[in-house]
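See structure below.
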Protein chains: 4
Amino acid sequence: MRKSNKILKREAILNAAKVAFAEKGFDAALLQEIADRAKLAKGTLYLYFNSKEDLFLSLIEDELDKFIDITETVCKESCHSIEKIKMLIKNIVRHFEVNKEFFCIFTPERAGFTKTHHPEIRERVIPKYRKGINLTAKIMKEGIKEGKIKSLDPILLAYALSGLINTLIAKWLLDEGKVSLEKSSMVVTTIFLDGIKTDNEKKTTTETRRT
Amino acid sequence: MRKSNKILKREAILNAAKVAFAEKGFDAALLQEIADRAKLAKGTLYLYFNSKEDLFLSLIEDELDKFIDITETVCKESCHSIEKIKMLIKNIVRHFEVNKEFFCIFTPERAGFTKTHHPEIRERVIPKYRKGINLTAKIMKEGIKEGKIKSLDPILLAYALSGLINTLIAKWLLDEGKVSLEKSSMVVTTIFLDGIKTDNEKKTTTETRRT
Amino acid sequence: MRKSNKILKREAILNAAKVAFAEKGFDAALLQEIADRAKLAKGTLYLYFNSKEDLFLSLIEDELDKFIDITETVCKESCHSIEKIKMLIKNIVRHFEVNKEFFCIFTPERAGFTKTHHPEIRERVIPKYRKGINLTAKIMKEGIKEGKIKSLDPILLAYALSGLINTLIAKWLLDEGKVSLEKSSMVVTTIFLDGIKTDNEKKTTTETRRT
Amino acid sequence: MRKSNKILKREAILNAAKVAFAEKGFDAALLQEIADRAKLAKGTLYLYFNSKEDLFLSLIEDELDKFIDITETVCKESCHSIEKIKMLIKNIVRHFEVNKEFFCIFTPERAGFTKTHHPEIRERVIPKYRKGINLTAKIMKEGIKEGKIKSLDPILLAYALSGLINTLIAKWLLDEGKVSLEKSSMVVTTIFLDGIKTDNEKKTTTETRRT
DNA sequence: CATGAATGAGGATTCATTCAT
DNA sequence: GATGAATGAATCCTCATTCAT
């Protein structure tokens, strides 16, 4: 089934915007530049988005949806929680690897969530962000119930995981991709899992390993 | 010894700038606003800084110096590495607690380090940032040598710690300070330490606890 | 054939700029004033010129082209050199008479050619100015070859003529047009021609007159 | 007799201003730059001049006075008019040769006399300029009375001479001093004198030459 | 007298947004 | 639907002028 022309153009704009916003940030990115990249006239952008801010927020919404999809898919897997966390890390890192731009767009924005001068961000973006966190927290909760994960605040665990992944991507970008993302990713996985597992589970794992 | 008038004014500007940049980001922050807050005329800013960008970068430099100071102080403590890490987390979190603004300024900037359109950032800020990371990594190296920390890339460990702290602050800001930063801080400490300790060390700790 | 809208607007801006620059000079002339006079918004100027300086230099280029045209036309006439010089003076004076503004723009600029702080002026304006001088010098050379003009440096003769015309216009402007430009123009013509003619030619002229 | 300190500083400022105004023009020249060059503080300028404009006009007044002095001195010589004109050209050219700056300041200003947005210029500068012209015209009048100069408007003759000298200096500056000023100066003298002499006088001169 | 830090009005330039075609 | 010319509000930076020391 072919996507309608309208939807194709919307996507072209969003892709162009992603690159532009990633490179320069919201204020410094130019609509002209986005239009050029999308091979459309500047005025045409307004047929698809109400304003620069609407375009920006729509982009973040769309991108966050992808993360929610990734997390939901992992949630639905039939393996146990530790396994799900490993999958989640792998999938999210892989997604960022081919989508560095969103990292450069979202991380700045998240830091300014509380005092942002884009009031709409609170309504359109924060809920989606929380949804992703909550889905991750659900996995943590499972693990706690299963006795595999320490009985800590699952939301906090979800944030911790997200923070580790974020830092990993930031380092990778700073090193300009010189270091293998996969290798560092495994280190982070180890730290996080060893950090959150119950003593019980660790032994198990160790025994499993020994087997 | 009293600070000279010149230095006092410089600091007034930097403080005003910190608030403004934190609230709106580099581009959207107005020099007029900064001048107003510093109770100076707009033109006066230019007696202390060459441009908006110079003010911005000077601010980040000064603030990063504070982090470097904190980390250096911890490095010089005479306790062992695990203890140093605990202190480091505590001191950094405490510093962010009274200095939320810098979090909102630096995190966005760090995400865009590679593609930033402030070219001077590479020379003026990134080296300082790396210095902080390296100091933290030094503590990690000590721990590894002492056999207390898993033999992982110390730089990566430093990034991991920084990522966890960052996420912690981000969550705290998002929750608008409703949750105790100290409590979450302890959770993060636990996760990180358990995640990086050698099996040996963990036993020791456990045994210690049992005692 | 009607001029395209684009070209018409460009000319409206140049005309507005001519008045403004003539009245106040480059620095003191305001783009807002130029825009108002051209019945356009300030920002619109930037659709036609890259900067205030570009507008200024474009204006001078266009105006110098008119002088070059005048001089080239005279060059191509089929009369002898003395006659051409008379025509040249008449046509240039007539052109200045309806275009006082350019005199007020170019004369100041010419005086500062060597030390100008508009570096592009060297590339964009001086060559055109020299071209005009060279065309005039060509006429002088003809006269010298014909034996009608003293064998002096033709370039210097061209400058001398230009200087006489300039001073004439300056006086006329200073007198606020109270004196007939045509009459003074004839005096200047007499002085210049009698000053440059060979003794031979002077006799001829005298004899002709006597006839 | 030593000049008072006050007068010395005033002159230092005027000299500094001359260079600055010559290089950049009235608007673009900076008081800071003038103060630096005069080795004084910026504020000190205001102890000697009321404003930037006052400094500018004072400078022009002083410089015009020098030209008036030169012209008056020539006037008082006991030779006949043609000789005086030769002396005048020589002295003025010599003065410009070591005082190029004033050329770059005054010529632009003169072109804008009529529409200038410095209203005071009319009162402070134009009268002095006219005085210089009138003194030169006086010499012309003498020549006419002596029957040596054609019976043309002496004021116009004065302007013509000034125009020729101006153009000479302008060419010299444009050529960056590559050409000898003295040589071109003689050509201009020849053109002007041959242009204005009566037939009678020319014969005399010719005969004199032949002798 | 001399200073130079502080002022703030002023202006070139940019760019999101609109709208006639 | 699509365009891109036109708009003009918004903001960084400059610099003549003032005045407390």
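These numbers come from the heavy atoms of this one structure, side chains and all, not from hydrogens, waters or symmetry mates. Letters go in sequence order (proteins before strands), and every chain restarts at 1. Please read all numbers here as calculations on a predicted model, not as lab measurements.
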In whole angstrom, give the distance that lies between atom [atom1] of [X] and atom [atom2] of [N].
X	N	atom1	atom2	answer
B:Leu45	E:dT7	CG	P	9 Å
C:Asp36	F:dG8	CG	C1'	12 Å
B:Lys24	F:dC12	NZ	P	10 Å
B:Ile34	F:dC12	CD1	P	8 Å
B:Leu55	F:dC13	CG	C1'	13 Å

Its contact letters, B for base, S for sugar-phosphate only and - for none at protein heavy atoms under 4.0 Å, make nucleotides 16-21 of chain F read BBB---

Contact nearer the 5' end of DNA chain F, comparing C:Ala41 with B:Thr44:
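The residue closer to the strand's 5' end, by nearest nucleotide, is C:Ala41.
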
For B:Phe49, answer base if it contacts any base atom (sugar-phosphate contacts may also be present), sugar-phosphate if it contacts only those atoms, and nothing otherwise; contact means non-hydrogen atoms under 4.0 Å.
nothing

So what does D:Leu40 touch, heavy atoms closer than 4.0 Å: a base, only the sugar-phosphate, or nothing?
sugar-phosphate

Audit row: D:Asp27, C:Phe26, side chain to side chain contact (heavy atoms under 4.5 Å, CB included) steps and yes/no:
CA-CA 9 Å; D:Asp27 294 286; C:Phe26 177 79; over 6 Å; no

In which stems does DNA chain E show up, taking only runs of three or more Watson-Crick or G-U wobble pairs whose two distances fall under 3.5 Å?
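For DNA chain E the paired stretches long enough to count as stems (3 pairs minimum) are E:2-21 with F:2-21.
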
If you define the side chain from C-beta out and look only at heavy atoms, does anything of D:Phe21 sit under 4.5 Å from D:Leu55?
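Yes, side chains in contact.
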
Does the side chain of D:Leu174 come within less than 4.5 Å of C:Ile126's, by heavy atoms?
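With C-beta onward as the side chain, the pair touches.
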
Atom P, compared across F:dT21 and E:dC1: separation rounded to whole Å:
22 Å

Once salt bridge (charged side-chain N to carboxylate O under 4.0 Å, His left out) is applied, what residue pairs with a partner in residues 37-48 of chain A remain, sequence neighbours excluded?
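Checked against salt bridge (charged side-chain N to carboxylate O under 4.0 Å, His left out) - neighbours excluded - the pairs reaching residues 37-48 of chain A are A:Glu23-A:Arg37, A:Glu33-A:Arg37.
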
Name the residue closer to the 5' end of DNA chain E, choosing between D:Lys39 and B:Lys9 according to the nucleotide with the nearest heavy atom.
D:Lys39

By salt bridge (charged side-chain N to carboxylate O under 4.0 Å, His left out), B:Glu53 pairs with (sequence neighbours left out) none

Which pairs of donor and acceptor atoms, one on a side chain in residues 57-67 of chain B, lie under 3.5 Å apart (sequence neighbours left out)?
{"residue": "B:Ser58", "atom": "OG", "partner": "B:Asp54", "partner atom": "O", "Å": "2.6"}
{"residue": "B:Ser58", "atom": "OG", "partner": "B:Asp54", "partner atom": "OD1", "Å": "3.3"}
{"residue": "B:Ser58", "atom": "OG", "partner": "B:Arg124", "partner atom": "NH2", "Å": "3.1"}
{"residue": "B:Glu61", "atom": "OE1", "partner": "B:Arg124", "partner atom": "NH2", "Å": "3.1"}
{"residue": "B:Glu61", "atom": "OE2", "partner": "B:Arg124", "partner atom": "NE", "Å": "3.3"}
{"residue": "B:Asp62", "atom": "OD2", "partner": "B:Arg10", "partner atom": "NH2", "Å": "3.3"}
{"residue": "B:Glu63", "atom": "OE1", "partner": "B:Asn99", "partner atom": "ND2", "Å": "2.8"}
{"residue": "B:Glu63", "atom": "OE2", "partner": "B:Lys18", "partner atom": "NZ", "Å": "2.8"}
{"residue": "B:Glu63", "atom": "OE2", "partner": "B:Lys66", "partner atom": "NZ", "Å": "3.1"}
{"residue": "B:Asp65", "atom": "OD1", "partner": "B:Lys128", "partner atom": "NZ", "Å": "3.1"}

Inter- and intrachain pairs under side chain to side chain donor-acceptor pair (under 3.5 Å), touching residues 43-52 of chain B, at least two apart
none

Given side chain to side chain donor-acceptor pair (under 3.5 Å), test A:Glu11 with A:Asn15 step by step and report yes or no.
CA-CA 6 Å; A:Glu11 279 180 6; A:Asn15 279 324; 5.6 Å; no

When the ring planes of B:Tyr129 and B:Phe106 are compared, do they come out parallel, tilted or perpendicular, using 30° and 60° as the limits?
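Answer is tilted, since the angle falls between 30° and 60°.
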
